[in-house]
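All heavy atoms count here, side chains included; hydrogens, waters and symmetry mates do not. For this chain, numbers begin at 1 and follow the sequence in order. When a ligand or atom number is given, it counts from 1 through the structure's own listing order.
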Amino acid sequence: MQKLLIQGGRPLHGEISISGAKNAALPILCAALLTDESLQIGNIPVLRDIETMLALLNQMGVSVTSDHNAPGITLSAKQLNNPIAPYEMVKTMRASILVLGPLLARVGQARISLPGGCAIGLRPVDQHIKGLQAMGAEISINHGYINATAKKLQGTRIGFDIVTVTGTENLMMAAVLAEGTTILENAAREPEIIDLANCLITMGAKIQGAGTDVITIEGQSSLHGAKYSVMPDRIETGTFLTACTATGGEIRLNNTNPYLLGAVIDKLVEAGAQINVSHNQIHLTMNLQLQSVSLRTAPYPAFPTDMQAQFMALNCIGDGTAIITETIFENRLMHVQELKRMNADIEVEGNTAIIRGIPHLDGAHVMATDLRASASLVIAGLIAHGQTTIDRIYHLDRGYENIEQKLSMLGANIQRIN
Ligand code: EPU
């Protein structure tokens, strides 16, 4: 199993490019199921979750090709002969549930392994199922599989009980081929939903309101092929900004979108960073004493749960005491135990962590428990005195493209070993 070795204590300096967004690319790949024409997708990040999604789509009958002359990959779902998402694939990536809506809309049937609980929480999919049932799908759950059929999905009004990102995406993709108009209320407003909607619109869908909490979709009889480029990854961007705020230094991030990171940038400025943005770049300088920053995660546009773990690491050496409350997932503080192995002073009460800043962390042997927890440990390793070894970095490879190369380009002493 591979590990990361980090010698901490170096400030970050330099510039790198941000990759395409994992959480936008995954639903956009599934959008290829909605048409028998080709969908050419650019700015796809090279990640394990993307490989898993491509393998899943491929075993359903979707052809995946890449051509040196055309950027990105081309997906063609002309033939869909196996609308099944088997347990072996779904268990490694919960986003596999995103094939359910498109399959029902396009071929009227799907058999998807029920995603179980995962490290960060229970993560049920009841809202996806309830919405599809409201559109007329017949759904039963047997032997761990969601079995769904629909003659023709019907547009309707659906109010989500809770804000769900993939739930909103699944129903939006189901609704683009439904008969009549679907209105999604209490929809998630994440930028990745706007990106998916823009891709669907390029394919001929009629969608209004993506990015607000009410999305209206007028079903079409078919969608056509298109070319689309995935948005930059706002969480990767935020992770590098947080790393540099914690280590000190000066970095420039290119090919990103600074306007999707308002809540994160506000907190970094509160921590002492100086940030300048232009249309696709962010420049960050950190040369002040790091201040502790309290935060509470909530759906977009509030502070993202996917940045909570990284800020936990930053706060370990901040001046003062910070309070971090996780409100989205019930078990997303697992990095705390690992940070404590590095001498962090953190107390957990329910879903709240109280972090008392100390002058420095000590390098240690730690274990990654999920994707963003891994990023938190990388930041902790960069600021710690001495060497940190991070185990189970396959979690990191699910969502960060070339992270150790990018950090090395910024001057970090980090290497991957077998
Ligand atoms: N929930 C339900 N029922 C449902 C759906 C969700 O109770 O039917 C609950 C979840 O258990 C959770 C809350 O609602 O407590 C919000 O979950 P949501 O459905 O919004 O999460 P998700 O769509 O499964 C996406 C991202 C996550 C990100 C969350 C929140 C993708 C592929 N994943 O997950 O990304 O944390 O939204 O923003 O888009 C990551 O990249 O590390 C990651 C976990």
Anything under 3.5 Å between a donor and an acceptor, one on a side chain of residues 176-188, the other on a protein residue two or more places apart or in another chain? List them.
residue	atom	partner	partner atom	Å
Glu185	OE2	Arg157	NH1	2.3
Asn186	ND2	Phe160	O	3.0

Applying ring pair (Phe, Tyr, Trp, His ring centres under 6.0 Å) to Phe303 and not counting sequence neighbours gives Phe311
Pair Glu347 + Arg356: basic N to acidic O under 4.0 Å
yes
| query | Any Lys/Arg nitrogen of Arg48 or Glu51 sitting under 4.0 Å from an Asp/Glu carboxylate oxygen of the other? | reply | no
May I have every N or O pair linking ligand 1 to the protein at under 3.5 Å, one per line with atom names and distance?
residue	atom	partner	partner atom	Å
ligand 1	3 (N)	Pro124	O	3.3
ligand 1	3 (N)	Asp126	OD1	2.7
ligand 1	8 (O)	Pro124	O	3.3
ligand 1	8 (O)	Asp126	N	3.1
ligand 1	8 (O)	Asp126	OD1	3.2
ligand 1	8 (O)	Gln127	N	2.8
ligand 1	15 (O)	Ile328	O	2.6
ligand 1	19 (O)	Thr164	OG1	2.7
ligand 1	20 (O)	Val165	N	2.8
ligand 1	23 (O)	Thr166	N	2.8
ligand 1	23 (O)	Thr166	OG1	2.6
ligand 1	24 (O)	Arg123	NH2	3.0
ligand 1	34 (O)	Arg123	NH2	3.3
ligand 1	35 (O)	Asn23	ND2	3.2
ligand 1	35 (O)	Asp306	OD2	3.2
ligand 1	36 (O)	Asp306	OD1	2.6
ligand 1	36 (O)	Asp306	OD2	3.4
ligand 1	41 (O)	Lys22	NZ	3.0
ligand 1	41 (O)	Asn23	ND2	3.0
ligand 1	41 (O)	Arg372	NH2	2.8
ligand 1	42 (O)	Arg332	NH2	3.2
ligand 1	42 (O)	Arg372	NE	2.9

By side-chain hydrogen bond (donor to acceptor under 3.5 Å, both in side chains), Gln208 pairs with (sequence neighbours left out) none
**Carboxylate-amine/guanidinium proximity below 4.0 Å for Asp306 and Arg332** = yes
